[in-house]
Amino acid sequence: MTLLKEPQISSVCKKLLTGITGLSLVLFLVAHLIGNLTLFAGPDVFNAYAQFLHHFMHGMFIRIAEIGLMGFFALHIWSALSVQRSKKRARPTGYEVNSYAGGPSKKTFHSMYMAVSGILILVFVIIHLINFKYADHEIVGTMTMENGIEVTNVYKLVVNTFQGNFGLVLLYMAAMGALCSHLMHGIWSAIQSLGLTRPATIPYLNLVGMAIAIALAVGFFLLPLLIFMMRGTFDPNAVPDYSSHARLLLAPWMLG
Amino acid sequence: MKVNLKIWRQAGPDAPGKLVDYTVENVDPSQSFLEMLDSLNEQLVKKGEVPVAFESDCREGICGNCGLVINGIAHGEKGGCTTCEIRMRQYKEGDTITVEPFRAKAFPLIKDLVVNRSAFDRIMSKGGYVAVNAGSAQDANSQLIHRDLAEEAMDAAACIGCGACVAACPNASASLFVGAKISQFTWLPQGQIERSTRAKKMVTQMDSEGFGDCSNHAECEAVCPKEISIANISRMRREFTKSLFARN
Ligand code: HEM
Ligand code: SF4
Ligand code: FES
């Protein structure tokens, strides 16, 4: 229960912690999105990317990244929710009329429901891990790469998961909506929390934050949607086209 | 013109309170909001009722004494002005206006619309001052300070300590006030002596007064009568982080 009490650290330190962990999670999302987009380059590139992640630094990289992400997630939730808890304590009697002042204010639907969108993201992350990390990788089998290496066919897993499962596509869409809402306020807010703003830069940073939020949410959602809609292009049993240019660019990096 | 009011009435700190309906007739559009409340109070006194308690002093936007939440917005919908600077011409015949006190645990209610803002004074006593004799006019003229820095210090120093930022903040945070009070000294030579510990002491006092934490909603800047930028909160965070590593 002590974890649920308000921490005895300065309000400014809490914001630094929320901001650093939040921005780090955003950086992870950027890397994750770029990785996911290799799916468009075909099964060999995507599978090679997955193989690379799991074997880079003898598998140490993915271990460290997973533990780090878990830790940042936990710290983020803890510090962010403790900021939220302070509001009930600090204003026990609320107003009869609540309003938005407008003008330079950045109080929006998004900023007011950060805890709700955050909890939705948490629920989604658990579902997402069950969908892929803890899915049965045996079923999809392996695929032989050009250089003879056998790799798990994660491409087939992803395509099979979304094709013919409209409910899941809808769920991913809702989750990306929550992520977008969280980051519409979150990205700019983290920059402000870290003390990186000046009077003249605030409006721009706010806009840039919203643009990144929308780009991330749309980017992530494009994959399930296109896989669902374009069955011809995303074939779970696709045979890699070893002459594709994307493969030539990426595969040497990933297969070593 | 005629306006309808819903005013928070509460006889004392622990008495129950509620919104009470009033009507004020013959309001002149050039009257100030507080003058309109004065005429309501005259009516109440004539009827032998207890007048509405509210605070004011200068009535020209410089003392920071007045402060009401009007239709859910601290210092009213106009923005960039104090409650005493609002004129009735911004309202229409028959409008219903809700008037509530500033709400925060750190600003305990005394009566009706009057709250105790001495938490701000205790924060100021921790570092909102310079301990040197800053001299007089000719000393100021002989100290060369970059114009941009002087302007920024002056913008922060415009804070009148009214507390609207706390009232407007969804978390009842005092970050804008404290940010302004730290920022006004940050770049001036007179402020350097206490600079390394000022932010730490003032932020620590702010936290112990029971204000909430900041979520960067920036609602404070929108209601601030002096339009103080939340970039001052950003500076407070930088100064605080630096003061964690200071020796004294
Ligand atoms: C991919 C996952 C996530 C990312 C990228 C993310 C990102 C961010 C960022 C950048 C901020 C702004 C930080 C600041 O104001 O200094 C933020 C704030 C916040 N986050 Fe997250 N977050 C994520 C997940 C979560 C989860 C799972 C929760 C809760 C269960 C959560 C709850 C919050 C709350 C309540 C705030 C607002 C804190 C405040 O009021 O200042 N977030 N998030
Ligand atoms: S920062 Fe603005 S709103 Fe807050 S106390 Fe100062 S003048 Fe009032
Ligand atoms: S009464 Fe002085 S600022 Fe309003």
Side-chain angles (χ1 to χ4, degrees), chain A residues 6-16 18-19 79-80 82-108 110-115 185-203 205-206 209, chain B residues 6 8 17-19 69-75 77 79-80 98 100 103-106 109 152 155 166-175 199-200 203-204 206-207 210-224 227 229-241 244:
Chain A
E6 259 191 72
Q8 290 301 308
I9 65 171
S10 160
S11 58
V12 174
C13 292
K14 266 192 245 174
K15 288 308 294 178
L16 294 178
T18 321
S79 62
S82 99
V83 169
Q84 295 283 316
R85 254 195 320 275
S86 78
K87 65 198 280 186
K88 291 205 188 63
R89 158 183 63 66
R91 180 171 292 133
T93 318
Y95 293 105
E96 301 282 326
V97 181
N98 285 287
S99 192
Y100 292 80
S105 177
K106 306 201 169 29
K107 176 181 162 193
T108 55
H110 308 293
S111 76
M112 290 299 278
Y113 293 98
M114 290 296 273
H185 179 69
I187 294 178
W188 116 266
S189 173
I191 297 169
Q192 167 79 1
S193 292
L194 299 182
L196 301 175
T197 57
R198 308 266 310 137
T201 59
I202 287 175
L205 291 171
N206 190 230
Chain B
K6 287 179 177 294
W8 186 266
K18 64 172 193 301
L19 285 177
V69 174
I70 302 168
N71 290 336
I73 299 176
H75 289 313
E77 299 96 323
T98 307
E100 297 176 76
R103 295 247 182 242
K105 179 136 190 273
L109 194 138
E152 265 193 56
D155 285 347
V166 174
C169 176
N171 305 1
S173 164
S175 294
K200 188 159 72 185
V203 167
T204 307
M206 165 177 86
D207 289 349
F211 292 104
D213 304 336
C214 169
S215 287
N216 302 326
H217 293 290
E219 191 77 353
C220 51
E221 180 178 332
V223 302
C224 174
E227 299 174 322
S229 164
I230 53 166
N232 291 294
I233 301 181
S234 206
R235 181 178 294 110
M236 170 182 86
R237 291 173 179 149
R238 293 196 291 274
E239 289 291 303
F240 178 88
T241 310
L244 288 180

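Throughout, a chain's letter reflects where its sequence line sits, starting with A, and its residues are numbered from 1.
- Contacts between B/A74 and chain A at a heavy-atom distance below 4.5 Å are absent for every atom of the residue.
- For B/R235, the part lying under 4.5 angstrom from a heavy atom of chain A is the side chain only.
- Only the backbone of A/L196 comes within contact range of chain B, with at least one heavy atom under 4.5 Å from a heavy atom of that chain.
- The local environment of OH in A/Y113 is sparse, with at most 12 non-hydrogen atoms from other residues, nucleotides or ligands closer than 6.0 Å.
- Under the 3.5 Å distance criterion, the side-chain polar atoms of A/H185 are matched with a main-chain donor or acceptor of B/S215.
- Checking side-chain atoms of A/K87 against main-chain N and O of B/A172 turns up no donor-acceptor pair under 3.5 Å.
- At a 4.5 Å heavy-atom cutoff, the contact between B/F211 and chain A is made by backbone atoms alone.
- Listed options A/A200, A/G103, A/A101 were ranked by heavy-atom pairs under 4.5 angstrom with chain B; first place goes to A/A101.
- Taking CG of B/N71 as the start and CG of A/N98 as the end, the distance is 12.0 Å to the nearest 0.5 Å.
- Contacts between B/L244 and chain A at a heavy-atom distance below 4.5 Å involve the side chain alone, from C-beta outward.
- Closest approach of A/Q192 to B/I233, counting heavy atoms only: NE2-CB, 3.8 Å.
- Residue with the most contacts toward chain B among A/V83, A/L16, A/T108: A/V83 (heavy-atom pairs, distance under 4.5 Å).
- Highest contact tally toward chain A, considering only B/S175, B/C214, B/G80, is held by B/C214 [criterion: heavy-atom pairs under 4.5 Å].
- Between B/E221 and A/S105 there is no side-chain heavy-atom pair separated by less than 4.5 Å.
- No part of A/M114 comes within reach of chain B, as not one of its non-hydrogen atoms sits under 4.5 angstrom from that chain.
- Interface check for chain A: of the options B/G17, B/A231, B/A104, the most heavy-atom pairs under 4.5 Å are formed by B/A231.
- Nearest heavy-atom pair, A/P104 versus B/A218, reported as atom, atom and distance to 0.1 Å: O-CB, 4.0 Å.
- At a threshold of 4.5 Å between non-hydrogen side-chain atoms, the residues A/S10 and B/T204 do not count as touching.
- Judged by distance alone, the side chain of B/E100 and the main-chain N or O of A/E96 form a donor-acceptor pair under 3.5 Å.
- Of the possible polar contacts, one joining the A/R91 side chain to the B/C169 backbone as a donor-acceptor pair under 3.5 Å is found.
- For B/S173, no part lies under 4.5 angstrom from a heavy atom of chain A.
- For the pair A/M112/B/H217, a side-chain contact is recorded, criterion being any heavy-atom separation below 4.5 Å from C-beta on.
- At least one donor-acceptor pair under 3.5 Å links the side chain of B/S234 to the backbone N or O of A/T197.
- Looking at every heavy atom in both residues, A/A90 comes nearest to B/G212 through CB-N, 3.3 Å.
- The candidate from B/E152, B/K105, B/R237 with the greatest count of non-hydrogen atom pairs under 4.5 Å with chain A is B/R237.
- In terms of modelled atom types and a separation under 3.5 Å, the side chain of A/Y95 and the main chain of B/I73 share no donor-acceptor contact.
- Looking at B/S229, only its side chain comes within 4.5 Å of chain A, counting heavy atoms on both sides.
- Distance check: A/K88 NZ to B/N171 CG gives 10.0 Å after rounding to the nearest 0.5 Å.
- Formation of a donor-acceptor pair under 3.5 Å by the B/D213 side chain with backbone atoms of A/S11 is not found in this model.
- Contact count against chain B (heavy-atom pairs under 4.5 Å) is highest for A/S193 among A/S193, A/G102, A/P92.
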